[in-house]
There are 2 protein chains.
Amino acid sequence: MKNNFRSGCPIASTLDIIGDKWSLLILRDMLFHHKTTFKEFSSSDEQIAPGILSSRLKLLISYELITKQKLEHNKKENIYLLTEKAIELSSILIDISIWGDKHLRELNKIDDIEGLDLERSVIISTVKQRYYSMVQNIKIIK
Amino acid sequence: MKNNFRSGCPIASTLDIIGDKWSLLILRDMLFHHKTTFKEFSSSDEQIAPGILSSRLKLLISYELITKQKLEHNKKENIYLLTEKAIELSSILIDISIWGDKHLRELNKIDDIEGLDLERSVIISTVKQRYYSMVQNIKIIK
DNA sequence: ACAATTACTACTAAAACAGTAGTAATAAAT
DNA sequence: ATTTATTACTACTGTTTTAGTAGTAATTGT
């Protein structure tokens, strides 16, 4: 797909991949809410349009942040799963969550997130562990 | 300014403020490269257009992430400085930098950043300390 | 066999971004 | 003192991205 990076800066380059309006929210839904299907991504509070969701999933696949697979005994649904590369974005997502929780309450009604008061490293390892467990329990076709 | 948040999610809300194509790069230039003027922001590798820079600076001011001030003995230049709220985004910017440095080398030629191999907490406190020192040495009009 | 669900694609409208040119105020050079 | 250069923008046009809705094919459930 498109590979036009604005510069060699690691921050700019990362933003060129996941710095759009939706990618990190899709990854959030996968990592924290264990969503796996197009339908589930479509049903989040933020109401992503199907065309945008479709194009973003394709981009995330092309960057190897997610994979698209099939379940056994189900030819209709596609299952999207995070790669290790994307799971390593956990710390960024959690830092963003902590920052928003702390600083945006005067601008917007912010949802309370359970466990966000725990130590950062504990949150990160718990989130990752839960995701790995979820993946282990689903039967995908190899 | 515009205050339409997509949801109450702290991640979505944070992205509604700084999740555009340029805000984090402006904050990066301020925090890491100690840039303070419109001219300096215009001259970064990524080539932001003046109209976009202008509108983003206004938004960042409205969210109280930066302030606009004047230097003593200089009526022309405007000096933009980070607020504490924005300085607390340091950890996010550093995590993004570390992730990009680690994962994007096969997609793009990534610049080597000095000191990025140090421990995360050390990087964060060093960056903050350097920024505070820089601010202390400039004479702004109160 | 029929209805519902899933995963999209297609289309049009609206918004954001890109690129260039131009202007007013101040500062520097002659 | 006058001209030139710099800074910080605004204004404008064109392109790209995003939003929103409608529709379709394949599969699954009843």
Side-chain angles (χ1 to χ4, degrees), chain A residues 1-7 12 15-26 29-30 35-62 66-81 138-141, chain B residues 1-7 12 15-26 29-30 35-62 66-81 138-141:
Chain A
M1 302 259 169
K2 69 162 182 184
N3 258 33
N4 33 9
F5 289 95
R6 283 175 286 182
S7 72
L15 294 177
D16 285 337
I17 284 183
I18 51 154
D20 68 292
K21 204 168 166 182
W22 293 104
S23 293
L24 282 176
L25 296 187
I26 296 169
D29 281 346
M30 296 177 80
K35 293 186 179 180
T36 57
T37 62
F38 197 96
K39 171 104 191 309
E40 287 176 313
F41 302 137
S42 299
S43 70
S44 68
D45 284 352
E46 295 88 8
Q47 303 250 57
I48 186 169
I52 296 169
L53 177 56
S54 177
S55 73
R56 274 292 135 187
L57 289 171
K58 280 173 184 150
L59 272 177
L60 292 171
I61 289 168
S62 82
I66 64 175
T67 61
K68 182 179 182 176
Q69 295 177 282
K70 293 278 182 190
L71 281 179
E72 284 178 9
H73 316 304
N74 187 331
K75 289 176 180 160
K76 188 165 59 166
E77 286 183 313
N78 294 316
I79 299 294
Y80 295 93
L81 295 176
I138 62 175
K139 309 280 187 197
I140 54 171
I141 298 174
Chain B
M1 301 258 168
K2 69 162 181 186
N3 259 32
N4 32 9
F5 288 95
R6 283 176 286 182
S7 73
L15 294 178
D16 285 337
I17 284 184
I18 51 156
D20 69 293
K21 204 167 168 182
W22 293 104
S23 293
L24 281 176
L25 296 188
I26 297 168
D29 282 346
M30 296 177 80
K35 292 186 180 181
T36 57
T37 62
F38 196 96
K39 172 108 189 304
E40 287 174 313
F41 302 137
S42 299
S43 69
S44 69
D45 284 353
E46 295 86 8
Q47 302 249 57
I48 186 168
I52 297 168
L53 176 55
S54 176
S55 73
R56 274 293 135 184
L57 289 171
K58 280 175 185 151
L59 272 176
L60 291 172
I61 290 168
S62 83
I66 64 174
T67 60
K68 182 180 182 177
Q69 295 177 281
K70 293 278 182 191
L71 283 177
E72 283 179 9
H73 315 304
N74 188 330
K75 287 176 182 163
K76 187 165 61 167
E77 286 182 314
N78 293 315
I79 299 295
Y80 296 93
L81 295 176
I138 62 175
K139 309 281 186 196
I140 53 172
I141 297 174

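Below, read A as the first sequence line, B as the second, and so on, with proteins coming before strands; counting in each chain starts at 1. The structure displayed is predicted, hence computed values, not measured ones.
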Quiz prompt | Position toward the 5' end of DNA chain D (nearest nucleotide), A:Lys75 or A:Pro50 | solution = A:Pro50
Quiz prompt | B:Lys58 vs D:dT10: side-chain N/O to OP1/OP2 distance below 4.0 Å | solution = yes
Self-check item: Under 3.5 Å donor-acceptor, B:Ser23 side chain and B:Asp20 backbone
Solution: no
Quiz item: Looking at A:Asn74, does any N or O in its side chain come under 4.0 Å of the phosphate oxygens OP1/OP2 on D:dT28?
Solution: yes
Quiz item: Between D:dC9 and B:Ser54, is there an OP1 or OP2 to side-chain N/O distance shorter than 4.0 Å?
Solution: no
Quiz item: Whole Å only: how far is the CD atom of A:Gln69 from the P atom of C:dA7?
Solution: 14 Å
Quiz prompt | Electrostatic pair B:Arg6:A:Asp45 at N-O distance under 4.0 angstrom | solution = no
Self-check item: N or O in side chain of B:Lys68 less than 4.0 angstrom from D:dC9 OP1/OP2
Solution: yes
Quiz item: For atom NZ of B:Lys39, is the number of surrounding heavy atoms from other residues, nucleotides or ligands below 6.0 Å larger than 12?
Solution: no
Exercise. Would you mind classifying the nucleic acid contact of A:Thr37 as base, sugar-phosphate or nothing, using non-hydrogen atoms under 4.0 angstrom?
Key: sugar-phosphate
Quiz item: Distance check: side-chain N/O of B:Trp22 vs OP1/OP2 of C:dA16, anything under 4.0 Å?
Solution: no
Exercise. In whole angstrom, give the distance that lies between atom CD of A:Gln47 and atom P of D:dA19.
Key: 12 Å
Quiz prompt | Between P of C:dT23 and NZ of B:Lys76, the distance in whole Å | solution = 18 Å
Quiz item: Expressed in angstrom and rounded to an integer, what is the separation of B:Ile48 atom CD1 from C:dA16 atom C1'?
Solution: 12 Å
Quiz item: Counting only side-chain N and O atoms of A:Tyr80, is one of them less than 4.0 Å from OP1 or OP2 of C:dC8?
Solution: yes
Practice problem: In whole angstrom, give the distance that lies between atom CD of A:Glu40 and atom P of C:dT5. | Solution: 15 Å
Quiz item: Closer to the 5' end of DNA chain C via nearest nucleotide, is it A:Ser55 or A:Arg6?
Solution: A:Ser55
Exercise. Could you check which of D:dA19, D:dA8, D:dA22 has an atom nearest any side-chain atom of A:Ile52?
Key: D:dA19
Practice problem: Carefully, step by step, assess B:Glu40 and B:Thr37 under the rule side chain to side chain donor-acceptor pair (under 3.5 Å). | Solution: CA-CA 5 Å; B:Glu40 287 174 313; B:Thr37 62; 3.2 Å; yes
Self-check item: Among C:dT6, D:dA19, D:dT10, the one nearest A:Lys21 by side-chain distance
Solution: D:dA19
Self-check item: Any A:Asn78 side-chain nitrogen or oxygen under 4.0 Å from OP1 or OP2 of C:dT6
Solution: no
Exercise. Round to the nearest Å and state the distance from B:Leu15 atom CG to C:dA16 atom C1'.
Key: 17 Å
Quiz item: What integer distance in Å separates B:Glu46:CD from C:dG19:P?
Solution: 13 Å
Quiz item: Under 3.5 Å, side chain of B:Ser42 to main-chain N/O of B:Phe38, donor-acceptor pair present?
Solution: yes
Quiz item: Is any side-chain nitrogen or oxygen of B:Lys39 closer than 4.0 Å to OP1 or OP2 of D:dT7?
Solution: yes
Quiz item: Taking CG from B:Asp16 and C1' from C:dA16, how many angstroms apart are they, rounded to a whole number?
Solution: 15 Å
Quiz item: Has the side chain of A:Ser54 got a donor or acceptor atom that lies under 3.5 Å from a matching backbone atom of A:Gly51?
Solution: no
